[in-house]
Amino acid sequence: MTRDTSGQVCVVSRDMHDVPTYDPAAIEAAWQARWAERRTNEPDLDHPARPFYNLMMFPYPSAEGLHVGNMFAFTGADIHGRFQRLRGNTVFEPIGFDAFGIHSENYALAKGINPADLIPQNIATFRRQLRRIGGMFDWRHELSTTDPPYYRWTQWLFLQLFKAGLAYRKRAAVNWCPKDKTVLANEQVINGHCERCGTAVEQRSLDQWFFRITDYAGRLLDNLDRLDWSESTVALQRNWIGRSEGAELVFETPSGQPITVFTTRPDTVFGATYLVLAPEHPLVDALTAAEQRPAVRAYLREVQGRDVVSRRVGDKKKTGVFVGSYARNPATDESIPIWIADYVLMEYGTGAIMAVPAHDTRDHEFATQFKLPIREVVRVEGGKLPVISEDGLLVNSGQFDGLDCREGARRIVAWLAERGRGARKIQYRLHDWCISRQRYWGPPIPIIYCDACGPVAVPERDLPVELPFIEDYRPDDSGVSPLARHTEWYNVTCPSCGKAGRRETDVSDTFLDSSWYYLRYPSTEFSDRPFDPVRTSTWLPVTTYIGGNEHAVLHLLYSRFITMVLKDLGHLEFEEPFPKLRAHGLIVKDGAKMSKSRGNVVVPDTYIQQWGADTFRMYLMFLGPFQEGGDFRDTGITGIRRFLEKVWGIAHEAAGASDRPMPPDVVTKLHQTIRKVTTDTASLNYNTAISAMMEYVNLVRERDAGSRASLRPLVLMLAPYAPHLGEELWVLLGGTGRSVFDEHWPAYDERLAAASEVEIAIQVNGKLRGRLQLPRGASQDDVVTRALQEEGVKKFVDGNKVKKVIYVQDRLVNLVV
RNA sequence: GCCCGGGUGGCGAAACCGGUAGACGCAAGGGACUUAAAAUCCCUUGGGGGCAACCCCGUGCAGGUUCGAGUCCUGCCCCGGGCACCA
């Protein structure tokens with residue numbers, strides 16, 4: 001044993017001679033330098049043999065640096081890329097930084113630094129860490145969403161949607177902190193209070209930009225069927241899009257304007273005993289009777305005083321007010337009262353509902369509270385109101401009595417449709433995408449307001465609209481972005497008429513930045529186009545996308561939407577950017593998500609310093625299944641290091657010795673190992689692939705069978721996991737050339753992987769009673785004969801007649817007596 | 001409430017299509033080497049019983065299907081994640 005100067009314990013091989021110390025720090029630094037110098041990770045993007053676009057979700061460069069969760073994700077994705085390269089693909093593995101947004105801005109605010117100064121520092125740290133872990137990144141194509149040459153095209157993207165009528169302005173409620181005088185994101189509102197100062201948050205109505213993603217809801221949903229995605233991610237998207245089948249029904253009112261409601265249960269219309277409008281519903285004013293006006297006004301004020309978040313929290317007491325007028329139930333022709341209540345949301349359906357208190361929990365609660373009539377129209381045996389089930393029969397429903405709910409729904413909608421009082425309707429839960437942020441740290445929305453022309457697009461030749469450096473970028477009480485205070489930036493001439501105009505001061509959502517970055521990577525060197533058509537057709541859509549389910553809805557849905565729009569506008573030839581997506585699991589610490597506020601963030605740097613990047617990479621992958629994640633703990637990291645030391649040792653011994661033939665059992669094990677490591681690596685089951693390599697190494701050592709022939713395939717399989725050691729040992733075992741990653745993944749021979757002897761389990765009545773070592777392919781008769789000679793078996797057969805024999809070739813025999 | 005995961009030794013986990021439960025690794029205990037320790041190497045390690053060969057029990061719980069169930073079915077319980085006054 002030796003100790004090096006850093007005090008680390010270094011292990012020498014069991015033979016003690018000629019084997020140098022495994023020093024990961026030195027090896028890793030040397031190979032990282034060689035990769036850069038030899039351009040090992042820079043594929044020819046114009047002439048790839050077999051293009052393989054290996055994409056991973058780019059990080060937000062936080063001030064804390066890469067955490068273990070990021071490392072886990074990037075390592076798993078990098079192994080995939082390196083494996084695919086060894087399989088003969090030309091792998092493009094880019095990396096970049098998602099550096100705009102409220103997180104950076106809030107952190108900068110807290111520290112009193114300008115984000116324009118802070119972010120480059122953070123990126124430098126990330127870059128250093130990403131190199132240190134040995135990712136196969138093509139740094140030529142690095143991008144940051146905060147660079148003007150990038151966000152120029154983010155703004156261009158906005159303009160394409162604007163010109164296509166897919167971007168529009170609408171007043172919408174935002175959270176407003178009256179003390180900090182700023183707009184808050186929903187995540188910044190904790191139980192109705194500002195996360196910073198604790199003041200109760202209010203609603204404010206502001207004009208905001210929206211993208212019409214709801215126009216694409218059906219397509220976004222239907223395409224999911226033909227994507228090769230992790231099931232968990234698909235389920236999350238389905239949920240989010242939230243398709244509901246039902247009907248829109250029309251209720252006449254005395255105002256002359258009918259109220260349309262959406263319902264998933266048109267079969268219950270005979271039980272609709274009142275209507276409820278959202279407080280923001282446009283007909284509220286027209287339908288309010290004179291004597292109810294003060295009460296309605298008071299209620300609207302009360303609702304306004306609440307924040308956007310707690311409005312949506314379900315289990316609270318119902319509030320509402322009667323407007324003083326009545327509507328006509330289209331099925332019964334009865335007059336039913338019209339109420340307003342904030343449990344009805346303007347953003348979903350039509351902002352109005354027919355209340356069926358007998359068959360909806362919320363309506364039932366409301367009706368009970370305000371003493372409104374409850375009429376049962378669905379009967380279920382033994383059911384107690386409110387009955388929600390669709391497995392019942394209609395009652396109190398005129399000519400539809402006795403029908404089951406589903407059939408009743410069809411007939412009732414058809415009947416109402418005939419009389420112009422309703423129609424079938426598919427409703428989605430998805431809302432249009434609000435992209436405005438009344439903030440500083442984002443790309444300015446490229447619009448100029450002109451009193452004569454209205455909102456005018458900034459001409460594309462004038463892009464980017466650069467984000468000006470503003471010393472004091474704190475939000476103020478105007479409710480608009482601090483950009484408005486920069487007067488020379490703010491005041492411009494209208495590009496259309498030349499008169500005085502004003503710039504849009506909102507910046508766009510950071511999810512817009514990340515909705516197209518994968519299109520940019522292969523084309524970063526082109527300054528005059530967002531993505532080059534040839535490069536794009538060569539490299540896109542993305543071959544494999546690996547990322548976490550925290551982005552299952554927003555990022556992945558927005559990216560799909562933007563790609564569809566670009567296809568419809570003729571800029572792309574495909575409409576799904578990520579045909580294959582794999583979600584990795586979450587790395588937690590002590591059972592909880594890592595977060596700064598919990599104080600359980602694990603910083604990888606010290607581990608890498610102590611153990612080396614190769615050991616740490618493999619340890620993260622050995623923790624559990626990549627697609628499930630797990631709890632981070634550092635016990636056991638030593639096991640991986642010991643494994644790499646063993647490989648190091650036998651490789652050095654083999655390199656110094658003359659070659660000798662492999663024993664037959666080692667040959668068998670080698671082919672079995674190649675088979676298992678190949679399938680497991682391909683399917684991202686990295687933990688079991690590593691186990692298989694360990695088993696192989698254990699056997700090679702036990703049988704003293706280290707040789708070039710037995711170790712070269714191992715080194716090739718190990719290389720994606722421990723790339724620096726892979727390179728080093730490849731050279732040691734006689735490899736020449738630029739890199740081990742220019743070599744070929746080892747092949748296995750199915751015949752050689754078949755062991756000549758197998759162990760067969762003997763069961764009596766399904767219970768294990770013995771085992772037999774037999775040559776592969778033994779016949780049933782032979783096995784049964786041999787089995788019956790076994791003492792342990794005889795005892796349980798006990799002279800009884802064997803009634804039935806179940807034989808599974810080379811595995812098991814079961815004697816039923 | 002709805003939608004996904006998951007529940008297996010002291011711990012992280014394996015187990016092809018229903019076919020020998022616990023591979024691989026950690027930790028722990030014992031031994032070898034050493035003046036000693038570390039490292040390394042060897043052995044033991046799901047629970048219970050037995051001198052032993054062996055036997056019984058065991059994959060969240062209760063049933064079921066099957067020659068055979070961690071795996072399939074029915075009904076529950078618990079944990080993690082997502083959505084949620086969505087009509």
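Nothing here was measured: the structure is a model prediction, and the numbers come from that model. Throughout, protein chains are lettered first and strands after them, A, B, ... in sequence-line order, and every chain is numbered starting at 1.
In this structure, the ring of A:Trp433 has its center less than 6.0 angstrom from the ring center of A:Tyr558.
Spacing between atom CE of A:Met354 and atom P of B:C85 amounts to 20 Å, rounded to whole angstrom units. The interatomic distance linking A:Ile762 (CD1) with B:C67 (C1') rounds to 16 Å, in whole Å. The separation between A:Ile587 atom CD1 and B:G80 atom C1' is 14 Å, rounded to whole Å. Between the CD atom of A:Gln809 and the P atom of B:C17 there is a distance of 20 Å, given to the nearest Å.
Base orientation of B:C17: syn, since the glycosidic angle falls within 90° of 0. In B:G9 the base sits syn relative to the sugar, since the glycosidic angle is no further than 90° from 0.
Using a 4.0 Å cut-off between charged nitrogen and carboxylate oxygen, A:Glu695 and A:Lys669 count as a salt-bridge pair. Electrostatic pairing of A:Lys589 and A:Asp631 does not count as a salt bridge here, judged by no charged N lying under 4.0 Å from a carboxylate O.
The phosphate of B:A87 (OP1 or OP2) has no side-chain N or O of A:Lys425 nearer than 4.0 angstrom.
Remark: the separation of the P atoms in B:C26 and B:A13 is 16 Å, to the nearest Å.
Where RNA chain B pairs in unbroken runs of 3 or more (Watson-Crick or G-U, both distances under 3.5 Å), the stems are B:1-7 with B:77-83, B:10-12 with B:24-26, B:28-32 with B:40-44, B:46-49 with B:54-57, B:60-64 with B:72-76.
A:Arg243 comes within 4.0 angstrom of nothing in the nucleic acid, heavy atoms only. Within the nucleic acid shown, A:Phe796 comes within 4.0 Å of sugar-phosphate atoms alone, with no base atom in reach, counting heavy atoms only. At the heavy-atom level, A:Ser244 lies under 4.0 Å from the strands shown only through sugar-phosphate atoms. Residue A:Lys795 is classed as a sugar-phosphate contact, given heavy-atom separations below 4.0 Å to backbone atoms only.
Which of B:C83, B:C55, B:C26 sits closest to the side chain of A:Trp240 comes down to B:C83. Listed nucleotides: B:C41, B:C56, B:G19. Nearest to the side chain of A:Val808: B:G19.
Side chain to side chain, A:Tyr748 and A:Thr673 fail the donor-acceptor criterion of an N or O pair below 3.5 Å.
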Atom pairs, N/O to N/O, protein against nucleotides 2-7 of chain B, distance under 3.5 Å?
residue : atom : partner  : partner atom : Å
B:C3    : O2'  : A:Asn239 : ND2          : 3.4

Please write out each protein N/O paired with an N/O of nucleotides 20-24 of chain B under 3.5 Å, distance rounded to 0.1 Å.
residue : atom : partner  : partner atom : Å
B:U20   : OP2  : A:Arg811 : NH2          : 3.1
B:U20   : O2   : A:Arg771 : NE           : 2.4
B:U20   : O2   : A:Arg771 : NH2          : 3.2
B:U20   : N3   : A:Glu759 : OE1          : 2.7
B:U20   : O4   : A:Glu759 : O            : 2.9
B:U20   : O4   : A:Glu759 : OE1          : 3.4
B:A23   : O2'  : A:Glu695 : OE2          : 3.0
B:A23   : N1   : A:Ser691 : OG           : 3.4

